[in-house]
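Here the structure is laid out as structure tokens; the discussion comes afterwards.
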There are 2 protein chains.
Amino acid sequence: MADRGRPRSFDKDAALARAMDVFWLKGYEGTSMADLTAAMGIASPSLYAAFGGKEELFRQALDYYAKHEGELIWGAALRAETAYETVETFLMQTARAFTRRSRPSGCLVVLSALHPGEHSETVRKELVEHRAQSVKDLRERLRQGVARGEISPAADLDAIAKYYVTVQQGMSIQARDGATRQQLELIARAALAAWRPLTAPEEIAAAR
Amino acid sequence: MADRGRPRSFDKDAALARAMDVFWLKGYEGTSMADLTAAMGIASPSLYAAFGGKEELFRQALDYYAKHEGELIWGAALRAETAYETVETFLMQTARAFTRRSRPSGCLVVLSALHPGEHSETVRKELVEHRAQSVKDLRERLRQGVARGEISPAADLDAIAKYYVTVQQGMSIQARDGATRQQLELIARAALAAWRPLTAPEEIAAAR
DNA sequence: TTATTTATGTGTCAATCGTTACAGATATAA
DNA sequence: TTATATCTGTAACGATTGACACATAAATAA
């Protein structure tokens, strides 16, 4: 009971990828149906039939983004040996992913819906949840670092995780303002300079 | 030749302050004329007569923001004794200013126009310029710190300034996501932990 | 073939967007 | 008072917004 009726004349996955690019560049509310249909090469009834509407399409574009773009950063980071290397890779891959010439700059999850508004409230909350998940994921990786003796048990893991995610979110703004990969890497290096004081607090206390 | 004709029936400065609040909360494109006239308590012809239109009104709201809200952060920061205290005050005042209950969260300069768009391109570029000025101001303060012997001449002042501004910009996102003042202060403290390694690089090299 | 199902393209819906014409109201200047 | 200048409120402008009705096209199932 699958392939009855007239077959779809466009590649759904390719169309979704193009929709993601538009949302990424212009944000959720800043993207019009006209923008989408132009980029996807289809008329609006086809978009509605295939994706359910603008909001549903954004949701699917967000999933696509997490699967493809997010993986570039988190996949590499979670493959690192130590907790430090995880954070280092996280930020360095961010510097790279946020400045690829073929893609919009910065992060779709951060930039797509920052303002409250009747038409984007559910989308916004979904993105807030996504961003909170980043903190959780990073904190969990730090917890493993404590278990392995890489990080002091006295360290405030939640604060450290929030700190590095905050730096990454700031890098989205910097990327939007035209920062190059090298400039973002310098920022990332600066942020990494806090690692020792943050993860070995008693060492600092002893030095005083 | 000043006060001929029917006098204005509303307080221009108070109306501007309310317009600023709306732009701050909803962003430039996310704010409609209906939002503005409702918040300002005037009809659109009065708005056009007094402020010149939506874009001109935003420009004036931006000036108002820089003068009042920006001063809360930079005024205190630039009054600090040392370069470190400047950065510390900069971030701590940010944590406070970004989470006042009576105001929208985060920073108007960071959040108002992050996406390209025909209707907001000039406004966006103006905000980009504003953000670049923050880096310049902070870097200049660091340069004074080098002159006073507080910071090593080998330190990369541009990278340090960009780093702390990036953290502040990330704090705008965190604030929008509901972070409390205390949580932002923890993030700020984490960022400040990088100060010694960043400003005394030879000390780090010697320790190896 | 005929019936059924799904996709496409044209055209259009009401609502909202930023902006402004216009007439009436309210002040000063002569 | 009369003339002039400016502001205010109503009402509407053309353009664009997201969404969809409808008829037609193109596939499979019987």
Side-chain angles (χ1 to χ4, degrees), chain A residues 1-16 18-19 22-23 25-62 112-113 115-124, chain B residues 1-16 18-19 22-23 25-62 112-113 115-124:
Chain A
M1 67 175 204
D3 47 354
R4 298 254 303 215
R6 178 175 174 174
R8 187 176 291 119
S9 65
F10 61 92
D11 182 336
K12 187 174 175 180
D13 223 54
L16 181 56
R18 290 178 187 171
V22 181
F23 281 128
L25 179 66
K26 302 186 147 199
Y28 177 69
E29 295 232 71
T31 298
S32 68
M33 289 295 298
D35 292 331
L36 290 168
T37 54
M40 300 166 83
I42 61 177
S44 53
S46 295
L47 190 157
Y48 275 83
F51 300 101
K54 188 188 177 185
E55 185 171 320
E56 264 304 316
L57 174 60
F58 179 83
R59 229 179 295 276
Q60 293 171 58
L62 178 58
S112 288
H115 304 288
E118 299 176 10
H119 300 296
S120 60
E121 211 42 33
T122 62
V123 160
R124 196 188 121 264
Chain B
M1 67 174 207
D3 48 354
R4 297 253 302 216
R6 179 175 174 175
R8 207 192 321 274
S9 66
F10 60 93
D11 182 336
K12 188 173 174 181
D13 223 53
L16 181 57
R18 289 179 187 172
V22 181
F23 282 129
L25 180 66
K26 301 188 149 198
Y28 177 69
E29 296 232 69
T31 298
S32 69
M33 288 295 298
D35 292 330
L36 291 168
T37 55
M40 301 166 83
I42 61 177
S44 50
S46 296
L47 189 157
Y48 273 81
F51 300 101
K54 188 186 177 187
E55 186 172 320
E56 264 304 315
L57 174 60
F58 179 83
R59 229 180 296 275
Q60 294 169 59
L62 178 58
S112 288
H115 303 289
E118 299 175 10
H119 301 297
S120 60
E121 209 45 30
T122 61
V123 160
R124 196 188 121 264

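This is a predicted model, so every value here is computed, not measured. Chain naming here is simple, since letters A, B, ... match the order of the sequence lines and numbering starts at 1 in each.
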Both conditions, 6.0 Å and 45 degrees, for the charged tip of A:Lys54 above the ring of A:Phe23: are they met here? no
Distance check, rounded to the nearest 0.5 Å: A:Ile42 atom CD1 versus A:Arg8 atom CZ? 9.0 Å
Nearest to side-chain heavy atoms of A:Met33, which nucleotide of D:dG18, D:dT17, C:dT10: D:dG18
Can you find a donor-acceptor pair, distance only, under 3.5 Å between B:Ser44 side chain and C:dT20 base? yes
Test your reading of the model: is there a side-chain donor-acceptor pair from A:Gln60 to the backbone of A:Phe51, 3.5 Å cut-off? yes
B:Pro45 side chain, from C-beta outward: closest of C:dG9, C:dA7, C:dA21: C:dA21
First encountered from the 5' end of DNA chain D, between B:His119 and B:Ala49: B:Ala49
Would you say a side-chain N or O of B:Ser9 is under 4.0 Å from OP1 or OP2 of D:dC7? no
Using whole Å, what does the distance between atom P of nucleotide D:dT17 and atom CD of A:Glu55 come to? 18 Å
Could you tell me how far apart A:Leu47 (CG) and C:dT8 (P) are, to the nearest whole angstrom? 11 Å
What integer distance in Å separates B:Glu118:CD from D:dA15:P? 15 Å
Can you tell me which nucleotide in C:dA29, C:dG24, D:dA27 comes closest to the side chain of B:Arg6? C:dG24
Mind checking if A:Thr37 touches a base, just sugar-phosphate, or nothing, with heavy atoms under 4.0 Å? nothing
State which of C:dT10, D:dT4, D:dG18 makes the closest approach to the side chain of A:Ala43. C:dT10
Can you work out whether A:Phe10 or B:Tyr28 has the more 5'-proximal nearest nucleotide on DNA chain C? A:Phe10
I need the OH-P distance between A:Tyr48 and D:dA19, as an integer number of Å. 3 Å
B:Ala34 side chain, from C-beta outward: closest of D:dT17, C:dC17, D:dT28: C:dC17
How many Å lie between CZ on A:Arg4 and P on D:dA29, as a whole number? 6 Å
Calculate the interatomic distance between B:Phe51 atom CZ and D:dT6 atom P; express it in whole Å. 18 Å
Contact check, side chains of B:Asp11 and B:Leu16, non-hydrogen atoms, under 4.5 Å: no
Euclidean distance, atom CD1 of residue A:Ile42 to atom P of C:dG9 [Å, nearest integer]: 9 Å
Please report the interatomic distance CZ(B:Phe58) to OG(B:Ser120), rounded to the nearest 0.5 Å. 9.5 Å
Which part of the nucleic acid, if any, lies within reach of A:Pro7 when heavy atoms closer than 4.0 Å are counted: base, sugar-phosphate only, or nothing? sugar-phosphate
Between A:Ser32 and D:dT17, is there a side-chain N or O to OP1/OP2 distance below 4.0 Å? yes
Send over the distance from A:Arg8 CZ to D:dA27 P, rounded to a whole Å. 15 Å
